[in-house]
Asker: 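Pasting a structure here, questions to come.
As the structure lists them, so they are numbered: ligands from 1, and atoms in each ligand from 1.
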Amino acid sequence: MDEIKLIDEKGIRLDGRKSDEVREIKMEIGVIKRATGSAYIEWGKNKVLAAAYGPRDIHPKHLKDPTRAVLRCKYSMAPFSVDDRKRPGPDRRSSEISKVITEALSSVVLLEQYPDTGIDVFIEILQADAGTRCVGLTAASLALADAGIPMKDLVAACAGGKVNGKLVVDLMKDEDNFGECDLPMAIVPRKKEVVLLQMDGILSRDEFNELYEMVMNGALKVYELQKEVLMKKYQ
Ligand code: UDP
(Lines give C-alpha, C1' and ligand atoms only; values in the text may rest on other atoms or scores of the structure.)
Protein backbone atom coordinates (compact mmCIF):
# COMPACT_ATOMS: atom_id res chain seq x y z
CA MET A 1 0.00 0.00 0.00
CA ASP A 2 1.30 3.46 -0.89
CA GLU A 3 2.12 5.62 2.08
CA ILE A 4 -0.27 8.56 2.55
CA LYS A 5 1.70 11.80 2.25
CA LEU A 6 1.23 13.74 5.46
CA ILE A 7 4.32 15.93 5.33
CA ASP A 8 6.22 17.29 2.31
CA GLU A 9 9.93 17.51 1.52
CA LYS A 10 10.16 20.92 3.19
CA GLY A 11 8.66 19.52 6.38
CA ILE A 12 5.29 21.24 5.90
CA ARG A 13 2.23 19.33 7.08
CA LEU A 14 -1.22 19.03 5.44
CA ASP A 15 -2.56 22.04 7.35
CA GLY A 16 0.52 24.17 6.64
CA ARG A 17 2.20 23.69 10.03
CA LYS A 18 5.87 22.98 10.64
CA SER A 19 6.79 19.87 12.62
CA ASP A 20 7.05 21.70 15.97
CA GLU A 21 4.00 23.92 15.55
CA VAL A 22 0.89 23.57 17.70
CA ARG A 23 -2.53 24.26 16.12
CA GLU A 24 -4.24 27.57 16.81
CA ILE A 25 -5.71 27.59 20.32
CA LYS A 26 -8.43 29.81 21.83
CA MET A 27 -9.34 29.55 25.51
CA GLU A 28 -12.18 31.04 27.53
CA ILE A 29 -13.19 30.60 31.16
CA GLY A 30 -16.39 31.18 33.12
CA VAL A 31 -18.58 30.07 30.23
CA ILE A 32 -21.11 28.05 32.26
CA LYS A 33 -22.92 30.02 34.91
CA ARG A 34 -24.20 27.08 37.01
CA ALA A 35 -20.80 25.43 37.31
CA THR A 36 -18.37 26.44 40.05
CA GLY A 37 -15.80 26.94 37.30
CA SER A 38 -15.70 26.27 33.59
CA ALA A 39 -13.61 26.53 30.45
CA TYR A 40 -14.07 26.27 26.70
CA ILE A 41 -11.21 25.55 24.32
CA GLU A 42 -11.03 25.57 20.55
CA TRP A 43 -7.82 23.87 19.54
CA GLY A 44 -7.53 23.39 15.79
CA LYS A 45 -10.85 21.79 14.92
CA ASN A 46 -11.38 20.44 18.46
CA LYS A 47 -14.10 22.11 20.52
CA VAL A 48 -14.16 21.14 24.17
CA LEU A 49 -16.09 22.29 27.21
CA ALA A 50 -15.16 21.54 30.83
CA ALA A 51 -17.25 22.28 33.92
CA ALA A 52 -16.08 21.84 37.51
CA TYR A 53 -18.43 21.48 40.49
CA GLY A 54 -17.49 21.49 44.16
CA PRO A 55 -16.17 20.88 46.66
CA ARG A 56 -19.64 19.56 47.47
CA ASP A 57 -21.45 16.62 49.05
CA ILE A 58 -20.47 13.39 47.40
CA HIS A 59 -22.93 10.76 46.15
CA PRO A 60 -22.96 7.85 46.68
CA LYS A 61 -21.96 8.62 50.27
CA HIS A 62 -19.80 5.52 50.73
CA LEU A 63 -17.22 7.15 48.44
CA LYS A 64 -16.53 9.81 51.08
CA ASP A 65 -12.91 9.98 52.22
CA PRO A 66 -12.31 11.56 55.65
CA THR A 67 -8.75 12.51 54.64
CA ARG A 68 -9.31 14.23 51.29
CA ALA A 69 -11.75 15.30 48.63
CA VAL A 70 -12.59 12.76 45.95
CA LEU A 71 -11.88 14.08 42.46
CA ARG A 72 -13.89 12.58 39.62
CA CYS A 73 -13.35 13.63 36.00
CA LYS A 74 -15.70 12.37 33.32
CA TYR A 75 -14.76 12.58 29.65
CA SER A 76 -17.60 12.23 27.14
CA MET A 77 -17.76 12.58 23.41
CA ALA A 78 -20.93 14.01 21.92
CA PRO A 79 -22.55 11.77 19.28
CA PHE A 80 -22.12 14.57 16.72
CA SER A 81 -18.46 15.26 17.57
CA VAL A 82 -16.96 12.81 15.08
CA ASP A 83 -17.54 11.84 11.43
CA ASP A 84 -19.21 8.51 12.21
CA ARG A 85 -21.83 9.15 14.87
CA LYS A 86 -20.44 8.20 18.28
CA ARG A 87 -22.79 5.93 20.22
CA PRO A 88 -23.84 7.95 23.29
CA GLY A 89 -22.93 6.76 26.77
CA PRO A 90 -19.80 5.39 28.37
CA ASP A 91 -17.41 3.04 26.60
CA ARG A 92 -13.97 1.63 27.29
CA ARG A 93 -12.15 4.54 25.64
CA SER A 94 -14.04 7.23 27.61
CA SER A 95 -13.53 5.31 30.86
CA GLU A 96 -9.80 5.06 30.20
CA ILE A 97 -9.48 8.75 29.34
CA SER A 98 -11.57 9.75 32.38
CA LYS A 99 -9.27 7.67 34.56
CA VAL A 100 -5.99 9.07 33.23
CA ILE A 101 -7.29 12.64 33.40
CA THR A 102 -8.48 12.13 36.99
CA GLU A 103 -5.07 10.75 37.95
CA ALA A 104 -3.21 13.60 36.26
CA LEU A 105 -5.26 16.27 38.02
CA SER A 106 -5.17 14.49 41.40
CA SER A 107 -1.46 15.26 41.52
CA VAL A 108 -2.04 19.04 41.49
CA VAL A 109 -5.37 19.66 43.26
CA LEU A 110 -4.91 20.12 47.02
CA LEU A 111 -7.50 17.49 47.86
CA GLU A 112 -6.48 17.26 51.55
CA GLN A 113 -8.00 20.70 52.10
CA TYR A 114 -11.54 19.41 51.54
CA PRO A 115 -12.07 16.08 53.36
CA ASP A 116 -15.44 14.34 53.02
CA THR A 117 -16.35 16.14 49.82
CA GLY A 118 -16.38 15.52 46.10
CA ILE A 119 -15.10 17.61 43.19
CA ASP A 120 -16.54 16.69 39.80
CA VAL A 121 -15.26 17.78 36.43
CA PHE A 122 -17.25 17.06 33.29
CA ILE A 123 -15.41 17.21 29.98
CA GLU A 124 -17.58 17.34 26.91
CA ILE A 125 -16.05 16.88 23.48
CA LEU A 126 -18.29 18.81 21.11
CA GLN A 127 -16.07 18.44 18.05
CA ALA A 128 -13.11 16.09 17.78
CA ASP A 129 -10.05 16.21 15.56
CA ALA A 130 -7.43 14.20 17.49
CA GLY A 131 -5.75 15.15 20.75
CA THR A 132 -9.04 15.45 22.62
CA ARG A 133 -7.64 13.95 25.84
CA CYS A 134 -5.00 16.71 25.84
CA VAL A 135 -7.55 19.44 25.13
CA GLY A 136 -9.94 17.95 27.72
CA LEU A 137 -7.27 17.80 30.40
CA THR A 138 -6.08 21.35 29.64
CA ALA A 139 -9.69 22.59 29.84
CA ALA A 140 -10.41 20.64 33.03
CA SER A 141 -7.40 22.17 34.73
CA LEU A 142 -8.59 25.66 33.71
CA ALA A 143 -12.12 24.93 34.95
CA LEU A 144 -10.74 23.91 38.36
CA ALA A 145 -8.67 27.09 38.53
CA ASP A 146 -11.69 29.14 37.47
CA ALA A 147 -13.62 27.46 40.32
CA GLY A 148 -10.99 28.76 42.74
CA ILE A 149 -10.01 25.27 43.85
CA PRO A 150 -6.46 25.39 45.25
CA MET A 151 -3.88 23.66 43.09
CA LYS A 152 -0.09 23.44 43.13
CA ASP A 153 -0.04 24.42 39.47
CA LEU A 154 -2.08 23.98 36.31
CA VAL A 155 -1.78 20.91 34.13
CA ALA A 156 -0.99 21.56 30.47
CA ALA A 157 -1.09 18.89 27.79
CA CYS A 158 0.01 18.33 24.23
CA ALA A 159 0.53 15.32 21.98
CA GLY A 160 3.27 14.42 19.56
CA GLY A 161 3.86 11.65 17.09
CA LYS A 162 5.56 10.34 14.02
CA VAL A 163 4.22 10.76 10.50
CA ASN A 164 5.96 9.55 7.34
CA GLY A 165 9.03 8.89 9.50
CA LYS A 166 9.17 12.48 10.85
CA LEU A 167 8.51 13.63 14.40
CA VAL A 168 5.74 16.22 14.81
CA VAL A 169 3.79 17.84 17.64
CA ASP A 170 0.04 18.10 18.10
CA LEU A 171 -1.30 15.56 15.61
CA MET A 172 -4.50 16.38 13.78
CA LYS A 173 -6.97 13.70 12.73
CA ASP A 174 -5.30 12.52 9.49
CA GLU A 175 -1.92 12.36 11.20
CA ASP A 176 -3.43 10.43 14.10
CA ASN A 177 -5.15 7.99 11.72
CA PHE A 178 -2.36 7.41 9.25
CA GLY A 179 0.74 8.21 11.33
CA GLU A 180 3.09 5.70 12.93
CA CYS A 181 2.95 6.88 16.51
CA ASP A 182 0.84 9.03 18.87
CA LEU A 183 2.24 10.23 22.19
CA PRO A 184 -0.04 12.36 24.39
CA MET A 185 1.62 13.94 27.40
CA ALA A 186 0.56 16.22 30.26
CA ILE A 187 2.84 18.14 32.57
CA VAL A 188 2.89 20.20 35.73
CA PRO A 189 4.76 23.03 34.02
CA ARG A 190 6.62 24.68 36.88
CA LYS A 191 8.41 21.45 37.76
CA LYS A 192 8.20 19.99 34.25
CA GLU A 193 6.80 16.92 35.98
CA VAL A 194 5.00 14.47 33.70
CA VAL A 195 1.55 13.44 34.96
CA LEU A 196 0.25 11.68 31.85
CA LEU A 197 2.21 9.85 29.20
CA GLN A 198 0.70 7.37 26.79
CA MET A 199 2.09 5.96 23.61
CA ASP A 200 0.44 4.22 20.71
CA GLY A 201 3.00 3.06 18.14
CA ILE A 202 6.73 2.50 18.06
CA LEU A 203 9.66 4.91 18.44
CA SER A 204 13.37 4.31 18.85
CA ARG A 205 14.90 5.55 22.11
CA ASP A 206 16.47 8.55 20.33
CA GLU A 207 13.21 9.40 18.61
CA PHE A 208 11.40 9.19 21.93
CA ASN A 209 13.89 11.56 23.58
CA GLU A 210 13.60 14.06 20.74
CA LEU A 211 9.80 13.89 20.62
CA TYR A 212 9.61 14.20 24.42
CA GLU A 213 11.40 17.58 24.20
CA MET A 214 9.17 18.73 21.33
CA VAL A 215 5.99 17.80 23.20
CA MET A 216 7.30 19.38 26.41
CA ASN A 217 7.78 22.66 24.51
CA GLY A 218 4.29 22.32 23.01
CA ALA A 219 2.79 21.85 26.48
CA LEU A 220 4.72 24.86 27.80
CA LYS A 221 3.14 26.99 25.05
CA VAL A 222 -0.27 25.72 26.12
CA TYR A 223 0.59 26.70 29.71
CA GLU A 224 1.33 30.28 28.63
CA LEU A 225 -2.12 30.52 27.05
CA GLN A 226 -3.75 29.07 30.18
CA LYS A 227 -2.04 31.65 32.36
CA GLU A 228 -3.00 34.44 29.97
CA VAL A 229 -6.72 33.61 30.08
CA LEU A 230 -6.69 33.30 33.89
CA MET A 231 -4.77 36.57 34.34
CA LYS A 232 -7.31 38.39 32.16
CA LYS A 233 -10.05 37.43 34.61
CA TYR A 234 -8.26 39.10 37.51
CA GLN A 235 -7.05 42.24 35.72
N1 UDP B 1 -12.43 9.30 17.18
C2 UDP B 1 -13.56 8.98 16.46
N3 UDP B 1 -14.49 8.16 17.06
C4 UDP B 1 -14.33 7.64 18.31
C5 UDP B 1 -13.15 7.97 19.00
C6 UDP B 1 -12.22 8.79 18.41
O7 UDP B 1 -13.75 9.44 15.34
O8 UDP B 1 -15.20 6.90 18.79
C9 UDP B 1 -11.46 10.23 16.56
C10 UDP B 1 -11.52 11.61 17.21
O11 UDP B 1 -11.34 12.62 16.24
C12 UDP B 1 -10.35 11.58 18.16
C13 UDP B 1 -9.35 10.79 17.31
O14 UDP B 1 -10.14 9.76 16.72
O15 UDP B 1 -9.90 12.87 18.49
C16 UDP B 1 -8.19 10.20 18.07
O17 UDP B 1 -8.65 9.42 19.13
P18 UDP B 1 -7.70 8.91 20.28
O19 UDP B 1 -8.36 7.72 20.90
O20 UDP B 1 -6.31 8.78 19.78
O21 UDP B 1 -7.79 10.07 21.38
P22 UDP B 1 -7.40 11.61 21.28
O23 UDP B 1 -6.29 11.76 20.29
O24 UDP B 1 -8.64 12.34 20.85
O25 UDP B 1 -6.98 11.96 22.67
Asker: Please report which non-hydrogen protein atom sits nearest to atom 19 (O) of ligand 1, along with the residue it belongs to and the distance in Å to one decimal place.
Answerer: R93 NE, 2.7 Å
Asker: To the nearest 0.5 angstrom, please state how far the CD1 atom of I119 sits from the SG atom of C73.
Answerer: 9.5 Å
Asker: Would you mind finding which of Q127, K45, R133 brings a heavy atom closest to atom 18 (P) of ligand 1?
Answerer: R133
Asker: Looking only at protein heavy atoms, which one is nearest to atom 8 (O) of ligand 1, and how far off is it?
Answerer: K86 CD, 4.0 Å
Asker: Is there any N or O on N46 that sits under 3.5 Å from an N or O of ligand 1?
Answerer: no
Asker: For atom 24 (O) of ligand 1, grab the closest protein heavy atom and report residue, atom and distance to one decimal in Å.
Answerer: T132 OG1, 2.5 Å
Asker: Judged by non-hydrogen atoms, does P184 sit under 4.0 Å from ligand 1?
Answerer: no
Asker: Of the backbone atoms (N, CA, C, O) and the side-chain heavy atoms from C-beta on, which set of D182 has a member under 4.0 Å from an atom of ligand 1: side chain, backbone, both, or neither?
Answerer: side chain
Asker: Among all protein heavy atoms in this structure, tell me which lies nearest to atom 4 (C) of ligand 1, with the distance rounded to 0.1 Å.
Answerer: M77 SD, 4.1 Å
Asker: Roughly how far apart are K47 NZ and D129 CG, rounded to 0.5 Å?
Answerer: 11.5 Å
Asker: For atom 9 (C) of ligand 1, grab the closest protein heavy atom and report residue, atom and distance to one decimal in Å.
Answerer: K173 CE, 3.3 Å
Asker: Could you name the option among G136, A159, A130 that has the heavy atom nearest to atom 13 (C) of ligand 1?
Answerer: A130
Asker: V70 and side chain to side chain contact (heavy atoms under 4.5 Å, CB included): which partner among I58, T117, T102, L111?
Answerer: I58
Asker: Between K45 and E42 (side chain of the first, backbone of the second, donor and acceptor by atom type, cut-off under 3.5 Å), is there such a pair?
Answerer: no
Asker: Regarding atom 10 (C) of ligand 1: of the candidates A128, P79, G161, which has the closest heavy atom?
Answerer: A128
Asker: How far is atom 23 (O) of ligand 1 from its nearest protein heavy atom, and which residue and atom is that?
Answerer: G131 N, 2.7 Å
Asker: Could you tell me the residue and atom name of the protein heavy atom closest to atom 20 (O) of ligand 1, and the distance to it rounded to 0.1 Å?
Answerer: D176 OD2, 3.4 Å
Asker: Is the contact between V82 and ligand 1 made by the side chain, the backbone, both, or neither, using heavy atoms and a 4.0 Å cut-off?
Answerer: side chain
Asker: Salt bridge or not for D83 and K173, using N-O below 4.0 Å?
Answerer: no
Asker: What I want to find out is whether R93 reaches D91 closely enough, with some N-O distance under 4.0 Å, to be called a salt bridge.
Answerer: no
Asker: Quick one: do R92 and E96 make a salt bridge, cutoff under 4.0 Å?
Answerer: no
Asker: Whether R72 and D120 form a salt bridge (side-chain N of Lys/Arg under 4.0 Å from carboxylate O of Asp/Glu) is what I want to check.
Answerer: yes
Asker: What's the separation between atom OH in Y53 and atom CG in L144, rounded to the nearest 0.5 Å?
Answerer: 12.5 Å
